[in-house]
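Residue numbers run from 1 in the order of the sequence given. Numbering of ligands and ligand atoms starts at 1, following listing order.
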Amino acid sequence: MNVAGNVKKENSTKVAGAGLRTGAEYLESLRDGRQVFVDGEKVKDIASHKAFAGSARSLARLFDIAAAPEMRERMTFTSPKTGNPVWRAYQIPKTHADLKAKRLAAETWAEATYGLMGRTPDHVAGFFAGYAAVPSVFAAGGQQFADNVVNFYEKIRDTHQYLSYAIVPPQIDRSKPAHQQSDPTLYAGVVKETDGGIILSGAQQLATAGLFSDYIYLSCIHPLQAGDENYANGVAIPANAPGLKLYPRRAYANVANNSYDYPLSSRFDEVDCFVVLDNVFVPWENVFIYRNTQVCRDQWWQTPSHLYGNYQAQSRYTTKLRFMTGLAKRMNEMTGNDSNPAVQVQMGELASLVSIVENMLLSQETTATIDKNGVLWPSKTALYSIMALQSELNSRMLEIIRELSGAAMITVPSAYADFQNDDMRTDIERFMQSGVADAKSRVAVMRMAWDFIGSEFGSRHQQYEKFYGGASFLVKMNVYRNFDFARATGMVESALALPPIGLDK
Ligand SMILES: Cc1cc2nc3c(=O)[nH]c(=O)nc-3n(C[C@H](O)[C@H](O)[C@H](O)COP(=O)(O)OP(=O)(O)OC[C@H]3O[C@@H](n4cnc5c(N)ncnc54)[C@H](O)[C@@H]3O)c2cc1C
């Protein structure tokens, strides 16, 4: 299977996959009555709606890649429960080799979307692998919750389910804790308990790819305090649960009506969804944390969940940066600047920044440690250091590309249709050609670069890289909590205790 190619028609055909879900099955499963609202309307069919169809097909392709027999070793491992192949994303790593295998699988999926889709099925899968690796954290709220999280993990692993998550309260009034908001049902929380489960109301941000997933994991990563118990939950909600409403932000593919003018927006807009819960019932078996602020906090930091999920995110990010570097190189070739030494220095800086990200990813593997239960934890300092600086490094990399481009991304025809007009085509072909390619090829590269960096889609990506892992001041606090300051201050103590020189008079 050609991983880096465009979405192909075979996506909609069934692939022999030993029970693995195919793209066609995935697309069919989106027709389940989920409530998605966009442009003033309820969406009837996500898989065929013009705002979402291209991205749905890109995601379906990931299912087919994993189901392809020749990708079995790369993309799957054997379920200890069923003996069937299941996505590697759900593997709990026990060795450094396991972790590397998970990265290779993540990279394979990331390459199929050029790193432009962050919440592919392997992201939240990593969190659940982390929960199932240390269920005792959930048992602190009652053994039944630990059992629930393990059972649910096994179910989603063995049936190849796609989860997204909404784990941040809405930005209504950040100056007040959850329970002091002007209305107790603004933030998503429990409003009622029944014999069969709990009922939730309120809102939560921001389920990227929520409308494309099978379940949304709803919990809270923002610090909660005494009094916030109603908001301290961890529950899995099927995307079509009655009362669950998804409000995507502006869908970029709506205007990206052809893949020449918008080669990326038309295919890879993963769509961030605001989540509203209107008395959504969640059965007990899908409840893993219930009104417990301590467990709600510990799920992220006392299990390897946050590390596994963000290790996948860094694999995806590294892939995207490779693609970005390739785009910059092709752009320079088109403008004839590629051999200019000053341009090569700028490209050298870009490549240095990309290499730092890549090597911090590899360092998470090599400095990973094994806990007392035999579970491998990627290095916290390696992960959080690069995440903390990503916000700044990403901006610098984009700035270099803008610098290198001059007007190249702007001096392009208004639309693909211009090539069809005989009067326009003559001028375009003459004046917009490159020294190494005809006008159509040159413009194709520039449109792709603009879609990457300057379109609404590209601009959202800049915001995504800043915030997908939380605001950078919070990530820096993670580094602060995990850095070995004792070793650093120990050296200072040692230096202060060195035998004195010249003080004996
Ligand atoms: C494109 C995109 C996709 C996302 N996808 C998901 C997703 O799939 N699932 C999900 O759950 N969430 C997702 N998020 C949400 C993301 O997790 C939050 O945006 C992030 O946690 C930041 O929270 P916030 O937006 O409420 O910002 P705030 O917490 O309000 O912070 C905004 C800014 O205010 C300043 N600030 C606020 N408080 C402090 C402080 N104490 N000290 C210093 N500065 C401060 C900082 O400059 C900070 O960057 C996504 C966000 C974006 C932009």
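Within ligand 1, the atoms closer than 4.0 Å to a non-hydrogen atom of A166 are 11 (O), numbered from 1 in the order shown. Ligand 1 places these atoms under 4.0 Å from at least one heavy atom of F467: 16 (C), 17 (O), 20 (C), 22 (C), 49 (O), 53 (C). If you number the atoms of ligand 1 from 1 as listed, the ones under 4.0 Å from a heavy atom of T208 come out as 3 (C), 4 (C), 5 (N), 6 (C), 7 (C), 8 (O). Within ligand 1, the atoms closer than 4.0 Å to a non-hydrogen atom of R174 are 24 (P), 26 (O), 28 (P), 29 (O), 30 (O), numbered from 1 in the order shown.
If you look at K466 next to ligand 1, there are no close heavy atoms at all, none under 4.0 Å. Proximity of H222 to ligand 1, defined as any heavy-atom pair under 4.0 Å, is confined to the side chain (atoms from C-beta onward).
Atom 19 (O) of ligand 1 has as its closest protein heavy atom Q205 NE2, 3.7 Å. Here the heavy atom of the protein found nearest to atom 47 (O) of ligand 1 is F473 CD2, 4.9 Å. In terms of protein heavy-atom proximity, atom 52 (C) of ligand 1 is closest to L206 CD2, 3.8 Å. Ranking the protein heavy atoms by distance from atom 17 (O) of ligand 1 puts V168 CG2, 3.3 Å first.
Between Q463 and ligand 1, no N or O atom pair is found at a separation short of 3.5 Å. No N or O atom of R460 sits closer than 3.5 Å to an N or O atom of ligand 1. At under 3.5 Å, not a single nitrogen or oxygen of P169, backbone or side chain, sits near a nitrogen or oxygen of ligand 1.
A salt bridge is defined here as a Lys NZ or Arg NE, NH1 or NH2 lying under 4.0 Å from an Asp or Glu carboxylate O, and R291 with E193 fails to meet this definition. Under a 4.0 Å N-O distance rule, the pair D269/R249 qualifies as a salt bridge. The pair R460-D272 meets the salt-bridge criterion, since a charged nitrogen lies less than 4.0 angstrom from a carboxylate oxygen. A salt bridge is absent between D64 and R61; no separation between the charged side-chain nitrogens and carboxylate oxygens falls under 4.0 Å.
Residue H461 places every heavy atom at 4.0 Å or more from ligand 1.
Put simply, CG on L383 and CG on L361 are 9.5 Å apart, with the number rounded to the nearest 0.5 Å. Between the OG atom in S405 and the CG atom in L327 there is a gap of 11.5 Å [rounded to 0.5 Å]. For the atom pair CG of N478 and OG1 of T381, the computed distance is 11.5 Å after rounding to the nearest 0.5 Å.
With distances taken over non-hydrogen atoms, the option nearest atom 28 (P) of ligand 1 out of Q171, K476, R249, Q462 is Q171. Of the candidates C220, G470, A207, P170, G470 brings a heavy atom nearest to atom 21 (O) of ligand 1.
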Item to check | Verdict with reasoning, Y153 to Y131, per side chain to side chain contact (heavy atoms under 4.5 Å, CB included) | outcome: CA-CA 8 Å; Y153 158 76; Y131 298 152; over 6 Å; no
Checklist entry - Is there a side chain to side chain contact (heavy atoms under 4.5 Å, CB included) between Q161 and K155 once you walk through the steps? => result CA-CA 8 Å; Q161 298 295 297; K155 178 172 107 174; 5.9 Å; no
Checklist entry - Please walk me through it: do E465 and K320 pass salt bridge (Lys or Arg N to Asp or Glu O under 4.0 Å)? => result CA-CA 11 Å; E465 303 304 356; K320 176 178 153 180; 2.6 Å; yes
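The presence of a protein heavy atom under 4.0 Å from atom 11 (O) of ligand 1 is confirmed. Within the 4.0 Å cut-off (strictly below), no protein heavy atom is located near atom 33 (C) of ligand 1.
Atom CD of E392 has more than 12 neighbouring heavy atoms from other residues, nucleotides or ligands inside a 6.0 Å radius.
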